[in-house]
Amino acid sequence: MGLGSFAKSEGGRAATLLAPPFLYALALLALPILAVVLFSFWTQDFMTIDTRFTLANYREFFDKPIYGVLLGRSLMVSGIVTLVTVLLAYPVAYFLSFHVPSHRKSLWLFLITIPFWTSYLIRVFLWKVILGYNGVINSGLIGAGIIDEPLSFILYNINAVIITLAHAFAPFAILPIFVALEKIDRSLIEASRDLGETRLTTFFRVTLPLSMPGLVAAVLIVFIPTIGDYVTPELMGGAGGKLIANMIQTQFLQLNNAPMGAAIAMVAMVCVTAIALVFVALNRRWLRGRG
Amino acid sequence: MRGAPLRVYAILYLLFLYAPIALLPLFAFNDATIIAFPLSGFTTHWFTDLVANAALRQAVGNSLFIAAMTAIFATLLGLCAARAGAMARFPGKGGIIGFVMLPLVLPEIIVAVSLLIVLRQVLGLNLNNWTVISAHVLICTPFSIAILNGAFQNLDPSIEEAAMDLGESRFSAFRLVTLPLVMPGIISSMLIAFTISLDEFIIAFFLTGANPTMPVYIWGLLRFPAQLPVVMALGTILVALSVTLLIIAELFRRRGLARAGIKDTGGFL
Amino acid sequence: MTALIELKGVEKHYGDYHALRGIDLEIRAGEFFSLLGPSGCGKTTLLRTIAGLEEVSSGSIRIDGRDMKGVAANHRPTNMVFQSYAVFPHLTVAENVGFGLRRDPRGKTEKARAVEEALDMVGLAGYGKRRAHALSGGQRQRVALARALILKPKVLLLDEPLSALDRLMREQMQLELIRLQRQVGITFILVTHDQEEALVMSDRIAVMFEGEIGQLADPETLYRRPATKRVAQFIGKMNFLPGALSADRREIDIAGLGRVATAGLATSGEIGGAVSVGIRPETLAILFEGETAPRREVQGVVSEVVYYGDMTYYDVRVEGIERPLTVSMKNLIGRPVLDVGAAARLAWDERALVLLPG
């Protein structure tokens, strides 16, 4: 088939239509990320960029303990947030898919997504109001006479960061799991019961494995963006709750050291991608092992 | 798993989701500078302060402009991709669509940092509203594609062919048949992109120019305790606004389904 | 009658897939023509190339003497009824039927009258104001028909129009389509995988396999004198017996049945080399007590009985024939249904045999 007839064919017209979004993503995503890679091998020389190739930024990253500590803490926080969010979300998605009558499902989904669409900054700040020194929990507990002094361990530390992020990413976890559960043919569940499994064993042998794609999507969709968040740690984390994204932000916007920031961003991105790929691969193997 | 305990759990979960937002109106109308209990009385002067704040008004104006432009461009790009997605396969199509959807699973700070480098250091441009718009279009396009994919995949492909068979050209068949059928999806996509852009902070903070966007301005306010009740008032208005926009988006989505004669099965994503 | 549609050497490739292989075909004005074949045989692709919804890779299509090369669907004198009906869900019934009249110079009231007439013709008078998505499958089909016929095309193309309907509705629509075609006198080309539907409705049928036309004939010829084993198998049921032609081709020795003169056998052309003989189940008969075969008779044993209510199908094992012969018997009053293992005398008639290649 010649190029001319391809352009006229349906596939050709599809390719023409796909060109604008593709070129846009190429220009504003692929090329900029390439630029980040490039910058990470350069150095900031006071006001100008030294464009000689060097591994200095990466050397600094691995030499100074602060970066490793921040990255490790970030990965841990993201991991815990993911675990907590997905575990809390699964029963809700399950309830929605299996126990809510179908004409009510839209309403429930709507109720779950609404908080997510309201200003993220303000939501984070409101958690500060709830968990803070004079916050809702402390004043409530004092008012009830349970404690005399406000509790101080609930704000300005990693716990507060985790609670806030778990709240912020809840709908991201519920939706993919719900979609996967909805796709399960209900007669499979009945078949399992008919073949002698209990409700519980049916869940573990049929429902859970079949909902795995949704679970994996939920994990990735929570884990990856949480690494890139600097708002929550800044507002909720206190001195000991800063994460790697705060460091990237500081390098770029306060220290004006774009190459160093680029190197940190690169290391963080490589780590996240690697973890995500390993997770997906392990999951595939687990599913195949069962099949 | 049984229904009743799950129902209780789901309701508790909803309470957890709504807990912070429920506080907003409480403090927005509370007559005290400190955001804490106990409440001290009803007032509306935080709202009047809000309206009187010229800097804030300008930030809101910027954000509305950015959100509107983002909605238009992201939906246009989404329309191209979703329509192509519903058409014949060609080599590499899956990969290209996957690439366009990539911002959905990329940490936002990566998008922010990479664009900052290109715009400031490589191209040497000044940051302004358009730099924010360009980034917001990038992250909103995948959402538009997801919404519009739903609209296009519900379409019977022979409907457009039928219009052409009945004498319409390819373009007028699209205009007369396909466009009205996916219009609810287009509106829904624009509203979602608008809402995301209006609220986006992580990228905007990096790319905003001399005139901050509304979330960037709010970020500044959060450091001054005296300004916090004003933030609460603003938050209340924003919640009301996004809920309204979302309800409109949802109504359009449902109307689209009803138009196409399809049973409703789910929500936005 | 002259050819309204002429296809010459039509080929269609989708990448490596060869969907149509050198189709030559003439369809006459005013006939009810069917393209019959299993799924994937290219019949729908062929229909879509005639409609202009697919371009041919090579070869030519002429409609009413005009070469259709480069003529888009909207400029061809053809209209189509789609398998899914493709009724526009956002429009009313009347708006659907009047869709193609947009460029028609007639006035509004005249167009409305035309729409009303078209609706009346398909039995939907008074349905004009209804929303399309509230219609049943059968009603949508009628809307799709009215929408196409109102434009008075030279050819109406029907892509499996009855496949989504239930059996009763399908049989009713078959008769109605025949009536409609006679009434409007337009050439109909029907695509179907249902051999019975094609036999009932068509003046002529082209049976297609793998992008080629296997046989083109009227329904009776197709049934009585199939050209190949494949066509014979696809249309109705048929038993195949290996046979050996004598050197002068005057006689054939059929496994289990014996020698028969070839002169009386149905064929659809000169046949040499390896041959088979086909026998339709309804041309065989089991002889009950006191009955004698009018012509020939062979001894067998019943090996399978399938009861259909009005008919019973028997498999009868005959010595010298590898596979049992299938025999269909009408369940007449007083005639018993035999059991497996019963001895059966089979009556057969060489006039009902079909000589086939292979």
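All chains are named by letter (A, B, ...) in the order of the sequence lines, taking the proteins before the strands, and each is independently numbered beginning at 1.
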May I have the step-by-step check of side chain to side chain contact (heavy atoms under 4.5 Å, CB included) for B/Glu200 and A/Tyr120, ending in yes or no?
CA-CA 8 Å; B/Glu200 205 288 324; A/Tyr120 179 55; over 6 Å; no
For A/Phe39, all residues meeting ring-ring contact (aromatic ring centres under 6.0 Å, His included), sequence neighbours excluded:
A/Trp42
Residues forming a ring-ring contact (aromatic ring centres under 6.0 Å, His included) with B/His136, sequence neighbours excluded:
none
Rounded to the nearest 0.5 Å, what separation is found between the [atom1] atom of [X] and the [atom2] atom of [Y]?
X: B/Leu106; Y: A/Ile224; atom1: CG; atom2: CD1; value: 8.0 Å
X: A/Leu29; Y: B/Ser114; atom1: CG; atom2: OG; value: 6.5 Å
X: A/Ser119; Y: B/Leu24; atom1: OG; atom2: CG; value: 8.5 Å
X: B/Ile21; Y: A/Ile114; atom1: CD1; atom2: CD1; value: 9.0 Å
X: A/Asp229; Y: B/Glu108; atom1: CG; atom2: CD; value: 8.5 Å
X: B/Gln121; Y: A/Phe252; atom1: CD; atom2: CZ; value: 7.5 Å

Greatest number of heavy atom pairs closer than 4.5 Å to chain B - which of [options]:
options: A/Ile112, A/Ile221, A/Asn138; value: A/Ile112
options: A/Gly140, A/Ala262, A/Ala168, A/Ala170; value: A/Ala170
options: A/Ile248, A/Leu111, A/Leu34; value: A/Leu111
options: A/Val272, A/Val231, A/Ile227; value: A/Val231

Pick from [options] with the largest number of heavy-atom pairs that fall under 4.5 Å of chain A:
options: B/Pro20, B/Pro107, B/Ala84, B/Gly92; value: B/Pro20
options: B/Leu17, B/Leu14, B/Leu222, B/Ile196; value: B/Leu17
options: B/Ile117, B/Leu76, B/Leu234, B/Leu198; value: B/Ile117

Proximity breakdown for [X] and chain B, heavy-atom pairs closer than 4.5 Å:
X: A/Leu96; result: neither
X: A/Leu235; result: side chain
X: A/Leu253; result: side chain
X: A/Ala27; result: neither
X: A/Leu17; result: both

Using only non-hydrogen atoms and a strict under-4.5 angstrom cutoff, which residues of residues 213-220 of chain B touch chain A?
B/Pro215, B/Ile218, B/Trp219
Please examine the side chains of [Y] and [X], heavy atoms only from C-beta on, and report whether any two atoms are closer than 4.5 Å.
X: A/Leu31; Y: B/Val118; value: no
X: A/Arg13; Y: B/Met87; value: yes
X: A/Phe95; Y: B/Tyr9; value: no
X: B/Ile202; Y: A/Gln249; value: no
X: A/Val36; Y: B/Ile110; value: no
X: A/Ile174; Y: B/Tyr13; value: yes
X: B/Cys80; Y: A/Pro20; value: yes
X: B/Leu6; Y: A/Phe98; value: no

Sorted by chain and residue number, the side-chain hydrogen bond (donor to acceptor under 3.5 Å, both in side chains) partners of B/Glu161 (sequence neighbours excluded) come out as C/Arg48
Least distance between heavy atoms, [X] atom then [Y] atom:
X: A/Tyr24; Y: B/Ile133; answer: OH-O, 4.4 Å
X: A/Tyr230; Y: B/Ile109; answer: CD2-CD1, 3.8 Å
X: B/Leu138; Y: A/Leu28; answer: CD2-O, 3.4 Å

Ring centroids only, cut at 6.0 angstrom: are B/Phe99 and A/Phe22 within range, meaning strictly under it?
yes
Steps toward side chain to side chain contact (heavy atoms under 4.5 Å, CB included) verdict (B/Val105, A/Leu220):
CA-CA 8 Å; B/Val105 290; A/Leu220 295 182; 5.6 Å; no
Given heavy-atom pairs under 4.5 angstrom as the criterion, report whether the side chain, backbone, both or neither of B/Leu115 touches chain A.
both
